[in-house]
Amino acid sequence: MLEIRDLTITAQGRSLVQDLSLQVPGQGITALLGPSGCGKTSVLKWLAGILPKGLRARGVLRLDGRDCAAPLPALAYQPQSDALFPWLTIAENAALGLRVGGLSAAEARARVLPLFAPFGLQGSEGAFPEALSGGMRQRAAFLRTMVQDSRYVLLDEPFSALDAVTRLRMQSWLLDRLAAHPRGVLLVTHDLQEAAALADRICVMMRSRLVTLPVDLPHSARSEAAMAPLREHLKSLLLEERLP
Amino acid sequence: MLEIRDLTITAQGRSLVQDLSLQVPGQGITALLGPSGCGKTSVLKWLAGILPKGLRARGVLRLDGRDCAAPLPALAYQPQSDALFPWLTIAENAALGLRVGGLSAAEARARVLPLFAPFGLQGSEGAFPEALSGGMRQRAAFLRTMVQDSRYVLLDEPFSALDAVTRLRMQSWLLDRLAAHPRGVLLVTHDLQEAAALADRICVMMRSRLVTLPVDLPHSARSEAAMAPLREHLKSLLLEERLP
Amino acid sequence: QTPVTVALDWTLNTNHVGIIAARDRGLYEEAGLTVEVLPFSDTSSAALVAAGAADFGYLSALAFLSAKAGGADLTALWATMQHETGRLVYNLDNTEIKRPADLSGRTYAGFGSAWEAALIGTMIRHDGGQPEWETVTLGTGAYEALASGAVDFTLEVATWEGVNGRLLGRRQGSFRYQDYGVPDQHNGYIATRAGVLRERPEIVKAFMEATKAGYDWAADHPEEAADLLLKAGDFARPELVHASMQAIIDGGWLRDESGGIGLIRADRFEGMARFLYDSGVLKDQSGQALVWPGDLSGWYDQSWRD
Amino acid sequence: MSRMLSPLALFLLLFAVWEGYCRLSGVSELVLPGPLAVLHALYIHRDAIGVHALATVLVALPGFALSVSFAVLTSMLLHACPRAERAVLPVFVASQTIPLVALAPLMILWFGFGLLPKILLVILVTFLPVLLSLLSGYRQTPAAFTELLQSMGAGGFEIFRRATWPSARPAFFAGLRISATYAIVATIFAEYAGARQGIGIWILSAKNSFRADLVLAGVVVSALLTLTLLAVLRGIEVLTRPGRGGRGHA
Amino acid sequence: MSRMLSPLALFLLLFAVWEGYCRLSGVSELVLPGPLAVLHALYIHRDAIGVHALATVLVALPGFALSVSFAVLTSMLLHACPRAERAVLPVFVASQTIPLVALAPLMILWFGFGLLPKILLVILVTFLPVLLSLLSGYRQTPAAFTELLQSMGAGGFEIFRRATWPSARPAFFAGLRISATYAIVATIFAEYAGARQGIGIWILSAKNSFRADLVLAGVVVSALLTLTLLAVLRGIEVLTRPGRGGRGHA
Ligand SMILES: Nc1ncnc2c1ncn2[C@@H]1O[C@H](COP(=O)(O)OP(=O)(O)OP(=O)(O)O)[C@@H](O)[C@H]1O
Ligand SMILES: Nc1ncnc2c1ncn2[C@@H]1O[C@H](COP(=O)(O)OP(=O)(O)OP(=O)(O)O)[C@@H](O)[C@H]1O
Ligand SMILES: Cc1ncc(C[n+]2csc(CCO)c2C)c(N)n1
Ligand SMILES: [Mg+2]
Ligand SMILES: [Mg+2]
């Protein structure tokens with residue numbers, strides 16, 4: 001269980017996030033929703049220990065009931081921008097987390113390569129990022145994050161650049177993977193359908209409070225129609241909020 | 001009427017786009033769909049006259065029945081990455097197209113500022129891009145594109161980083177604007193719901209052909225339920241395709 | 001008033017005293033000239049005159065002869081010192097050096113000109129030694145290097161560095177060139193381009209006569225001349241200027257046996273030129289040793305004297 | 001204020017070590033005078049050295065200004081015409097490989113004792129760092145920025161002005177800093193080969209009268225002039241900085 | 001091959017203009033010999049000049065190598081400790097403002113005529129461009145890259161190795177190029193102040209024998225040595241380039 005308590009993030013005196021408390025269980029997907037600019041990325045960056053210079057944060061981070069400080073080695077983080085290194089090939093980019101984790105180049109490569117086909121990236125292993133489409137880059141970044149096998153995963157809009165079908169494919173890959181190797185996922189998304197389809201609980205960041213909605217239906221039963229009421233509920237929550 | 005005839009784009013001998021022919025009427029929205037990596041961005045870049053160095057293109061571009069060469073001054077283009085200049089404030093970034101078009105700084109500013117409120121960017125006029133969230137940056141880029149008032153607009157996934165509600169707001173802004181000032185829009189999107197809600201016709205790029213579906217329902221009548229069959233049809237078209 | 005520039009061969013020293021005296025006592029002005037003494041720079045005075053960057057130049061004998069041999073269009077008008085003022089110096093602490101032959105195999109601090117090798121080689125050979133030594137080119141740094149013992153010997157001007165060493169109590173010994181097979185010569189030429197001589201002889205005459213008057217006055221008033229010089233430049237030790245002036249007068253360097261000043265004598269002039277040519281240090285464009293040109297009378301011209 | 005404290009402390013420390021060495025080792029004043037002796041000499045001769053310093057500045061500043069203008073113009077021409085860049089750049093680089101010690105006296109012979117040869121030398125020394133930095137800065141411009149402007153119908157110069165130049169700004173100032181560091185030193189060098197006044201002349205005559213303290217006083221003045229120039233450039237950079245745009249961006 | 005043609009043509013053109021000027025203006029060989037005369041002198045004295053060239057290379061190369069290693073190490077230390085950077089950088093910059101003409105003779109006095117003072121001078125001249133380029137290159141690293149590595153739990157050195165250094169690669173080579181341009185010239189300069197052999201000595205004695213053709217022959221050799229060094233660096237840069245990663249990225 002990863003736990004944020006009373007997190008406040010301020011920029012030059014203005015507070016972006018106010019007294020946020022949030023729990024990410026060690027299993028399943030926690031979706032984090034909120035209007036654009038409400039501070040989702042900032043919360044993730046704080047968790048990953050990389051809050052930008054201009055921002056100040058105050059709050060407590062607890063892992064399994066014990067206080068701890070970011071960055072946690074138990075976390076893997078996919079930033080909202082893909083952050084692929086232009087001087088590394090896609091395979092090398094994908095292997096980056098493993099290399100940093102101490103694996104040899106060959107071991108890391110062996111772990112990474114089997115995922116290229118399910119990610120629709122076969123043939124691009126040796127290409128450099130600039131030769132890839134936006135969606136391909138995003139999948140490469142997702143691959144880099146998922147292959148790290150950390151206990152917790154922070155995903156910042158990982159599928160925003162994917163078409164509907166590719167997105168479905170990646171979503172079901174994620175669910176399968178989590179079923180095989182249970183991990184805690186904190187998924188920032190702006191897609192209500194995606195949240196409804198994937199999440200085990202949905203947190204909506206609103207100006208003054210955080211609303212948490214559990215989703216108990218098994219994934220297989222979550223048809224578009226079955227989830228429509230939940231989506232409408234989420235939409236009405238978001239509509240309540242006005243951007244500053 | 002903007003017309004592409006027999007466009008073929010190749011990279012090092014491999015062809016990315018093969019004999020594509022596509023028409024963008026001077027009014028309404030033409031949505032361009034296709035699996036990630038199928039070449040949508042490349043087609044838009046070719047239209048904007050900025051195909052990257054590694055790629056070669058062959059094909060004819062016609063405007064109102066006359067052959068012409070890219071870049072057309074009649075086009076405004078929003079790239080898939082926001083491409084905001086880090087050394088300009090958001091207001092200056094938004095005014096960039098107008099400034100290039102010859103307006104004075106003051107005139108351009110006067111044209112740009114009224115749009116900040118409807119775009120949910122009020123207060124960020126003087127901020128630099130790095131202090132904005134991903135969704136805010138995307139809206140700034142959208143603002144920069146739309147304020148140019150060109151006859152045709154090319155949008156490459158303009159709403160991919162927006163949450164559902166902000167996205168709805170921007171979509172309806174776009175529809176209102178087009179109703180007031182009719183222009184031709186070519187909209188690349190991977191969101192079937194978005195395509196179904198906005199487009200007057202939908203083109204799906206498939207490996208060997210382009211499928212064009214007209215959407216005749218008035219926008220006000222396009223409820224989620226009413227468009228479900230179209231979405232299912234689009235999904236099945238996309239599913240036919242396998243990535244290379 | 002005609003502007004005229006003079007380039008110097010070394011930082012301002014007592015060799016130049018006549019020029020400074022003529023300038024600061026108004027002799028040039030009376031002759032209708034405004035003379036600028038250019039500060040000593042890294043560019044040799046012979047080159048400055050030859051290229052037209054200066055009208056007149058004070059040149060060491062060897063610079064003048066090397067430039068002439070190299071084809072420079074120079075004519076000597078004046079010779080300050082009637083005998084060779086150069087000497088080879090070494091440290092007396094270096095007890096193994098007793099005579100030029102002992103210099104064999106030692107380190108020499110040089111000035112980067114070809115004739116030094118001929119000079120040193122001749123002296124060692126004349127004294128029966130092997131003419132082999134190591135050269136470190138140091139230029140103006142040579143004297144400090146010798147004083148600190150970093151090198152074994154160098155060449156100096158007796159009336160300047162020689163006096164300086166004595167004043168500082170440096171234990172230094174010296175060998176005179178002319179004692180070891182090198183011909184005696186004048187030292188310190190004032191020269192101009194042949195073109196100037198041809199086209200503006202009246203300027204040459206006016207300048208040289210005032211200069212001569214300056215040296216004459218300095219020879220008669222060494223103390224006052226030293227004071228004048230001290231005012232004209234930065235000198236680390238005023239006493240060096242006075243002592244050097246005194247040494248020049250005492251040594252009879254300025255005025256020859258008959259009391260003449262600035263005279264160029266054919267035998268001493270040719271003797272040194274001959275030595276340079278015979279030692280083979282002068283080379284032409286294709287690397288061949290220069291052939292003796294025969295008549296040297298065109299290399300100097302004192303017709304400005306009445 | 002406090003940003004200047006640590007370098008100041010380091011300078012003082014270095015000077016103290018130097019002074020201590022001079023006192024304890026008993027090295028001759030002729031070889032290595034201590035910093036106090038140097039400062040004392042500087043104080044005593046402040047008027048004379050001031051005149052020379054002014055002469056140096058009056059060569060270095062116009063030379064540097066001309067050099068930078070020339071470098072900016074050239075960089076724009078070469079950027080506009082990559083083919084010319086390929087032909088011309090090696091020639092410029094070759095010009096830097098000419099040892100000044102050989103060239104300076106020749107320049108004096110060719111152009112005399114006036115301003116011209118010295119300004120030419122300053123240009124020769126300071127020109128290339130600015131040019132190379134600019135060209136490499138131009139090349140770092142993200143393709144997305146130039147593409148965007150192109151799609152807006154911007155012409156070559158408009159793209160340059162709005163994307164290429166701002167992208168090259170940090171590189172430009174880096175090049176300026178390198179060049180400015182050399183401007184005064186190059187002037188002194190040129191004066192060495194032939195001049196009527198200037199810090200170079202001061203140092204040369206000090207050296208020739210075996211006054212290491214005066215030589216080092218000249219060195220101190222040269223360093224102060226250069227540091228002043230660098231501080232002015234720094235000021236310009238900070239004052240003209242657009243927001244916090246200096247950072248890289250992914 | 002054809003990439004080398006245009007600069008070659010430009011060089012030939014410049015030489016032709018120079019030769020033409022010498023012939024037509026009738027300027028004295030002593031002041032400005034034509035390029036043919038210079039090449040002729042170079043050919044005749046190739047053996048003697050070769051010995052001097054070798055001596056110069058044997059100082060310049062170790063000096064340059066030491067300087068670059070030192071600059072890389074220092075840049076890493078200063079990058080790891082920004083507070084030290086603020087204290088130390090001004091001192092390094094100040095070291096560049098010392099006129100070599102004044103320092104070189106003193107160095108010879110202090111350290112003798114051996115390799116040491118010359119190598120120190122080469123380091124002094126070539127050190128800062130590499131250091132400054134590296135530091136500015138490090139600063140251009142996109143924050144997204146370092147943040148990503150930080151989130152992966154990478155330590156300071158790992159971040160440096162995987163993001164900062166590759167980002168600074170273009171800047172590093174730009175700095176290397178500037179420094180390499182000065183390495184030979186600085187050696188010649190140091191030789192001028194005192195040496196047994198080397199192109200500097202060759203040029204000095206040629207100057208003192210009023211042989212402008214031999215001076216310029218020395219200049220040509222110096223230029224060739226520098227251009228060779230630059231070509232070698234260019235080769236290293238191209239050979240070690242990772243893919244096409246040189247481009248900027250938005
Ligand atoms: N510079 C390049 N060199 C080589 N191949 C390239 C280059 N740019 C793009 N490609 C290839 O062209 C194909 C199409 O890319 P494009 O960006 O047009 O796709 P897209 O349809 O926009 O995808 P997405 O929805 O993921 O943005 C991809 O397979 C990509 O690998
Ligand atoms: N470096 C910074 N300095 C000042 N303000 C910042 C900085 N970074 C972010 N902000 C502000 O913090 C707020 C939240 O930004 P954040 O990126 O966390 O939003 P988000 O919820 O991820 O939005 P989106 O869905 O659009 O990505 C925004 O209003 C933004 O302007
Ligand atoms: C005052 C004075 N001192 C030293 C030299 C330098 N110098 C050049 S050649 C040579 C040898 C003289 O025979 C010497 C010592 C000078 N020109 N004038
Ligand atoms: Mg975000
Ligand atoms: Mg795309």
Side-chain angles (χ1 to χ4, degrees), chain D residues 3 6-7 9-11 14 31-32 83 86-91 93-94 96-103 105-106 109-110 128-129 132-133 136 139-145 167 170-171 174 177-178 181 184-185 188-189 192 200 203 207 212 215 218-219 222-223 226-227 230 247-250, chain E residues 3 6-7 9-11 14 31-32 83 86-91 93-94 96-103 105-106 109-110 128-129 132-133 136 139-145 167 170-171 174 177-178 181 184-185 188-189 192 200 203 207 212 215 218-219 222-223 226-227 230 247-250:
Chain D
R3 315 181 82 254
S6 51
L10 190 57
F11 269 115
L14 287 179
V31 173
L32 181 64
R83 187 168 309 185
R86 224 172 304 132
V88 170
L89 220 51
V91 176
V93 170
Q96 299 297 298
T97 66
I98 299 177
L100 286 194
V101 273
L103 194 67
L106 291 179
L109 295 186
W110 299 334
L128 202 73
L132 288 185
S133 305
S136 116
R139 251 175 274 124
Q140 301 289 316
T141 314
F145 294 175
S167 297
R177 263 194 298 279
I178 296 180
T181 312
I184 302 282
V185 176
I188 289 178
F189 194 92
Y192 232 69
I203 291 178
K207 187 184 88 168
V215 170
V219 168
S222 144
T226 306
L227 291 176
L230 287 174
R247 236 25 243 293
H249 31 265
Chain E
R3 314 181 83 254
S6 51
L10 190 59
F11 270 114
L14 287 179
V31 172
L32 181 65
R83 187 168 308 191
R86 224 171 308 131
V88 170
L89 219 50
V91 176
V93 170
Q96 299 297 297
T97 66
I98 299 177
L100 288 193
V101 273
L103 194 68
L106 293 178
L109 260 188
W110 300 334
L128 201 73
L132 287 185
S133 304
S136 119
R139 252 175 273 125
Q140 300 291 316
T141 314
F145 294 175
S167 296
R177 263 194 299 279
I178 295 180
T181 313
I184 301 283
V185 176
I188 289 179
F189 192 92
Y192 229 70
I203 290 178
K207 191 183 82 164
V215 170
V219 169
S222 144
T226 305
L227 291 175
L230 287 174
R247 235 24 242 294
H249 32 265

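Residue numbers start from 1 in every chain, and the chains themselves are labelled A, B, ... in the order their sequence lines are given, proteins ahead of strands.
- Ranked by non-hydrogen atom pairs under 4.5 Å with chain D, the options E/Ala94, E/Ala223, E/Pro129 are led by E/Ala223.
- Across all their heavy atoms, E/Val91 and D/Phe11 have their closest contact at CA-CZ, 3.8 Å.
- Atom-to-atom distance recorded for E/Arg177:CZ and D/Ser136:OG is 8.0 Å, nearest 0.5 angstrom.
- Residue E/Ile184: no heavy atom, backbone or side chain, is found under 4.5 Å from chain D.
- Ranking E/Leu128, E/Ile98, E/Leu103, E/Leu100 against chain D, the residue ahead of the rest is E/Ile98, based on heavy-atom pairs under 4.5 Å.
- Of the possible donor and acceptor atoms, none in the side chain of E/Thr97 sits under 3.5 Å from a partner among the backbone N and O of D/Val185.
- Separation of atoms OG1 (D/Thr181) and CG (E/Leu132) is listed at 7.0 Å; rounding is to 0.5 Å.
- Heavy-atom distances place the side chain of E/Leu230, and not its backbone, under 4.5 Å from chain D.
- Not a single donor-acceptor pair under 3.5 Å links the side chain of E/Ser222 to the backbone N or O of E/Gly218.
- Residues D/Ser133 and D/Ala171 come closest through the heavy atom pair CB-O, 3.3 Å.
- Contact annotation for E/Leu14: only side-chain heavy atoms (C-beta onward) come within less than 4.5 Å of a heavy atom of chain D.
- Counting heavy-atom pairs closer than 4.5 Å to chain E, the top-ranked of the candidates D/Val93, D/Leu89, D/Leu227, D/Val219 is D/Val219.
- Among the candidates D/Val215, D/Ile203, D/Leu32, the residue making the largest number of heavy-atom pairs closer than 4.5 Å to chain E is D/Leu32.
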